[in-house]
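Following: one structure in structure tokens, then a few remarks.
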Amino acid sequence: MYQWQEYRQPKSLAEAIEDLSNAPVPAVPIAGGTDLLLDMRQGRHSNVHTLIDLTNIPEMNTIEIQGESLFIGACVSINRIINDPLVQRNAQALIEACDLIAGPQVRNIATLGGNVAHALPAADGTIALLALSATANVAFPGGVRTMQFQELFLGPGKTSIDKQTELIVGFSIPLAKPGQASAFKRIMRPQGVALPILNCAVWVEREGNRINASRIAVGPGGPRPFRATKAENSISGQYFNDDNISKATEVLLEQGSFRTSPRRATSEYRKSILPGLFQGTFKKAWSRAVVE
Amino acid sequence: MKNNTITMTVNNEIHTLPIKPGETLAALLRERLHLTGTKIGCEEAECGACTVLVNDEPVLSCIYPAGRADGKTIVTIEGLAKYVDHVMKLHPLQEAFVEHGAVQCGFCIPGQIMTAFALLKRNPNPSQDELRDALKDTLCRCAGYPMIEKAILAAAHTLRTGDPLPLPEIYESIHKRKLVGRKHLRPDAVDKVTGKAIFTDDLQFDNMLYGKVRRAMVPHAILKKLDISKAKAVEGVLAVLTAEDIPGEQNHGVIISDWPALIGIDQQVRYVGDAIAIIAAETPEIAAYAARLIEAEFEPLPVISSPVQAMEEGQPQLHEKGNLLKHIKVRKGDVLKGFEEADQVFDHTFHTQITDHAFMEPECSIAVPTQEGRMEVYVGSQIPYEDRRQIARVMGWEESRVRVIGQKMGGGFGGKEDIAGQIHAVLLANVTGRPVKLLYDRHESLIAHPKRHATQIRVRIGVKNNGRITAAETELFGDTGAYASLGEKVMERATTHSAGPYDIPHVRNDCFAVYTNNPPAGAFRGFGVTQSAFAIESMMDMIAHQLGMDPVELRRMNILHLGSVTNTGQALVESVGLTECLEKLDAEMRKTNPEPFKACIDPEEPNLVRAWGIGCAYKNTGLGGGAPDFANADIELFDDGKVEIRSSSAELGQGLVAVMQMIVSEELSILPENVRVLVMDTDLSPDGGPTTASRQTYITGNACRFAAQTLRQNIVNFLSKKFEVEPQKITLKDGFAYFENKKLSFNEIAKQMKALGEEPRVLYKYEAPETQPLGTGGSMHFAYSYSVQAAEVEVNKLTGEVRVLKVISANDLGMAINPLGLQGQIEGGVMMGLGHCLTEEFIVEDGHVISDQLARYRIPGIKLTPEITSIIIEHPTADGPYGAKGVGEISSIPTTPAITNAIFHAVGVRIDKTPVDQEQILKAMGNQLD
């Protein structure tokens, strides 16, 4: 009858993992809860006995530099990410993505971990993290392991995390070095569901007029968050010019699966707007990557 | 670790409360702390009405688990005003919202103010962009965004500098008097900015139960079996009722009683929202749980999805009289002759979508049985007396047994004219003998209540090469859904206005208002004219383009003017300000851009193209068509010198109460604060008629005016007799009567009148000028308002995306009684029109509602707000109060074609189906990347 009976607020990661295994079932972790509570209210998620609130766990609420990486806790709110100088300096694509997620009130509650954990192929935060070559830290009863970001996703709405025992603790992004920069853009429609028609994140390493390396992510470009590796390969080591960008666009269109989503966009429309979106995003990242 | 209590600080007070399962912060604040200023508009994190501050950050309390608030500091709308020596001092934001007219229905206002409060704490000097980013998801359906924005910036200035609050520049009527025609603040504004304003769901009664409706959720079927035993057995369930339990007539309906309150066994389900059982229980959770336990079996029937399909042969019949609700005909001249005279004939078919009112306050009814055996019904309703009639009919009671006590309404826009939960709440309260609250959530609201009619409109126009129109022929199909509601009248208005505000010698219009298995369609701001204006105004631009004429010039040549005869045969003899609207708008539009209809490429971003477009419209004030149109007003002078004016007409946010107050104080020469207004109570206020058809300022306004004038006359006559002084020597001013050397206050006069057995009270019935039914050729309406709008759009050639940058709205509304309220109506009308054009689409597939959440039905937010310039034209109408005509609807009607015509001028794509689809634009442009 009630969406939840018991509300737990563990104060440490160990306590949370403990609760996850031992609290009266069904027991489900809640980060921001801006999706979970609606899913329960609207019947997409069954009611639970225990909600385990993760927002008081220190490791999951930190933004800090750890060695060569920037660590962002899974329960850091979207709004905190947008306003964090470390993220601004190292992950512009993530800032731009977060700045497009929902509205300010939701961003004060919603978390990056929640955005990723839904495993949607066009989640803005996910697409940005993908291009930023993030890794994920996952806590399990025996400790914490690190995994490649893409390994989190099995298919639409499906992650490789064991929901009964594991938690995403946070994400690590390599620190931006001189000549490296990123950008994010998306295209929406004003009617219907608030999901992007298409979004795109690009990370580049620039040396003069040459593209040393790049990472390109596009959503939705397949059942899992899509990294356009072939387009990346086609452009890496090349000079930045219209010709090479156009070639990469063609490769991108070929590798990705840009399908029709009912009431959102046809495949044809997606393919016709992708070049403009990709090139705009790439150019934005490129112009940011100037070494001063 | 398990927590059993929550301790938190709310508005500087510490509360420790036991933790409850499944409770949100919004529920805790509203139900347990009685802080009902925090509103619930959607419960899906979309609308922002429930915004509160948690540790200084704005959050949505509807998706914030109460348990998480433990140890936190909460500020709600009730916490902003300060009390100095028990005197309330508004926060500058609250004061600014009142002074700038940012408050209309008021339901969203606590959320707007709290969001703004959080913004200014963090950023005391926000730019317009920063402000709009902060408020992007705090929705206002009255759409007072421009005024909200100005109010926040004014408050920010005061908070930063300590200067007095900058006040807005408000238009003053050219026909202004002492009070009417000048800025006047809404009497309910202060309550609405402090969270004190009570809406139906804010009410609690002792021993109250909660109702829930079990709906069919199949679009067309026969109900074969219904098992309520499991639901009945749930602890805490007090009643489960089905069609068998209806004591009176099964059907209700505003005009035609064709809508069953509950569907019985072997009866026909006609849309997903049809009710099959209702439940009353001790808590909303128990009621909802029990509703799910009801087992129903249906025999499915083929679904009728569109009016065109419904009219085909061999289709199932939805009602006894068939699928055709009404065939509406308009005939003028000889249309064949008209087409023969034409040099060219244009023919095109347009489609408009279903839309939802999406008023911010979902429907709520509370039925309370009284000890005397009567039933009180608390509800936000546009037609309280009609609710009373329909409730009594289904209950099998005398109407006098029901008292409808109308509550503040969080928007209506036509969507609260029909019965929603009123009858169900009464049925349950009657059986249980306890008060029953029936609150819809947003999902139920979207599924159940009548919508705007989807239409198919074919327009054929014959025109001379010089641009003069010789003939117009239109054919409309209107989707009235499962039940009639006001469908017949809505589509009649769509039809009579379908050839536009033009003087055309030969006209033929046919409309088929048709039943389908979609949710019912009824009244919605614009009342059918929104749809037909899109079709005819698009056609006008197609003609201008083909003839190589300026769109303004083509309209100038054909528009209605004094002496014109409308399509229904009405000679226009006064108050036709359309030409002036067009001229002034044209001048304003060309002030900055002499070639507004030429595509203009952004030099910085060559993918962006801009252009202007225009649309014209007219719209009747009042019911018309021969329907008796009247309102009663009851005015009374009390011993304290205050005057009360009473009429059942509805305040849904539009500002009627302010208008009534202004008129009475103008006529009696007393201060407005000494005029109390009581509306919407069927025991205490006489029938003011339905709040529809932009009629209240005119009809109820006149009733108030004549009631006040009669009371004034009675006072003068009394004084004249008593003090033996000639009536013309008696002056009433500022609450006093002056004559000879005497000065007598209104309270003294009241006492003296009563002492001598004279009642200082007048009941006045105002009857509007008579109108003629359609087809008789006479005056179908006693007044029309006119409007021309221009929109500047920007189209992205890479994506097809459309932005509206500027809108100019020129409206002839006779006389601006309350210019501050008028501004809200005009700007809000533009925004609602913009939503209709660009964002809103109520999707139904095979009778199933896809747009069953606010997240799937997008209404415009502040970020879509263009720069709106209002031009007010005042051609007074002789019988209107001070010359006033209606404004509620006209302000919204021409927006859609102005935008779509602008899109054509920008990129050459003709939009003939709303809402605008960016994908279709891009497709039509050809893939310009290649």
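Every chain is numbered from 1 and lettered A, B, ... according to where its sequence line falls, protein lines coming before strand lines. A quick note: this is a predicted structure, and the numbers were derived from the prediction, not measured.
When A/Gly280, A/Ser77, A/Ala31 are compared by the number of non-hydrogen pairs under 4.5 Å with chain B, A/Ala31 comes out ahead. Comparing A/Met188, A/Gln3, A/Met1 by how many heavy-atom pairs each has under 4.5 Å with chain B, the most go to A/Met1. Here B/Thr839 is the residue among B/Thr839, B/Asp137, B/Asp852, B/Asn607 with the most heavy-atom pairs under 4.5 Å with chain A. Taking chain B as the reference chain and counting heavy-atom pairs below 4.5 Å, the highest number among A/Gly32, A/Gly33, A/Ala265 is found for A/Gly32.
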Run the numbers on A/Ile273 and B/Leu922 for side chain to side chain contact (heavy atoms under 4.5 Å, CB included), then give the verdict.
-> CA-CA 9 Å; A/Ile273 60 174; B/Leu922 192 67; 3.6 Å; yes
Just do the side chain to side chain donor-acceptor pair (under 3.5 Å) check on B/Glu23 and A/Tyr2 with the steps written out, would you?
-> CA-CA 8 Å; B/Glu23 192 179 45; A/Tyr2 296 102; over 6 Å; no
For B/Asp917 and A/Arg189, what are the C-alpha separation, side-chain angles and deciding distance, and is it a salt bridge (Lys or Arg N to Asp or Glu O under 4.0 Å)?
-> CA-CA 8 Å; B/Asp917 180 350; A/Arg189 63 183 297 143; 3.2 Å; yes
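Only the side chain of B/Ile843 comes within less than 4.5 Å of a heavy atom in chain A; its backbone stays farther off. For A/Asn79, the part lying under 4.5 angstrom from a heavy atom of chain B is the side chain only. Looking at A/Gln42, the atoms closer than 4.5 Å to chain B (heavy atoms on both sides) all sit in the side chain, from C-beta outward. Using a 4.5 Å cut-off between heavy atoms, A/Ala23 does not touch chain B at all. Contacts between B/Val916 and chain A at a heavy-atom distance below 4.5 Å involve the backbone alone (N, CA, C, O). Contacts of B/Ala45 with chain A are made by both backbone and side-chain atoms, with heavy-atom separations under 4.5 Å. Looking at B/Ile859, neither its backbone nor its side chain comes within 4.5 Å of chain A, counting heavy atoms on both sides. Heavy-atom distances place the side chain of A/Ile197, and not its backbone, under 4.5 Å from chain B. Proximity to chain A (any heavy atom under 4.5 Å) is restricted, for B/Thr51, to the side chain, taken from C-beta onward.
Using a 4.5 Å heavy-atom cutoff, the side chains of B/Arg856 and A/Gln191 are not in contact. Side-chain contact check for A/Val106 versus B/Leu60: some heavy-atom pair is nearer than 4.5 Å. A heavy-atom distance below 4.5 Å is not found between the side chains of B/Tyr64 and A/Leu37.
Note on B/Glu845 versus A/Arg263: salt bridge recorded, some NZ/NE/NH1/NH2 to OD/OE distance being below 4.0 Å.
In this structure, B/Gln853 CD and A/Leu38 CG are separated by 8.0 Å, a value rounded to the nearest 0.5 Å. Atom CD in B/Glu919 sits 7.0 Å away from atom OG in A/Ser272 (nearest 0.5 Å). The CD atom of B/Gln920 lies 8.0 Å from the OG1 atom of A/Thr266; values are rounded to the nearest 0.5 Å. Put simply, CG on A/Leu274 and CG on B/Leu798 are 12.0 Å apart, with the number rounded to the nearest 0.5 Å.
A donor-acceptor pair is defined here as one N or O able to donate and one able to accept, closer than 3.5 Å; no such pair exists between the side chain of B/Arg858 and the backbone of A/Pro190. Within the 3.5 Å criterion, the main-chain N or O of B/Val59 finds no donor-acceptor partner in the side chain of A/Asn108. A donor-acceptor pair is defined here as one N or O able to donate and one able to accept, closer than 3.5 Å; such a pair exists between the side chain of A/Arg41 and the backbone of B/Glu43. No donor-acceptor pair closer than 3.5 Å links the side chain of A/Gln105 to the backbone N or O of B/Thr115. At least one donor-acceptor pair closer than 3.5 Å links the side chain of A/Tyr269 to the backbone N or O of B/Thr799. With B/Arg68 contributing its side chain and A/Tyr7 its backbone, the two residues share no donor-acceptor pair below 3.5 Å.
The two residues A/Pro104 and B/Ala134 come nearest to each other via the heavy atoms CG-O, 3.1 Å. Across all non-hydrogen atoms, the minimal contact from B/Lys136 to A/Ala102 is NZ-O, 2.6 Å. Scanning all heavy atoms of the two residues, the minimum distance from A/Trp4 to B/Pro65 falls at CZ2-CB, 3.9 Å.
In summary, of the residues considered (A/Asp35, A/Thr34, A/Ile109), a side chain to side chain contact (heavy atoms under 4.5 Å, CB included) with B/Ile63 occurs for A/Thr34 alone.
Counted within 6.0 Å of NZ on A/Lys163, heavy atoms from surrounding residues, nucleotides or ligands total 12 or fewer; the atom is thus considered open.
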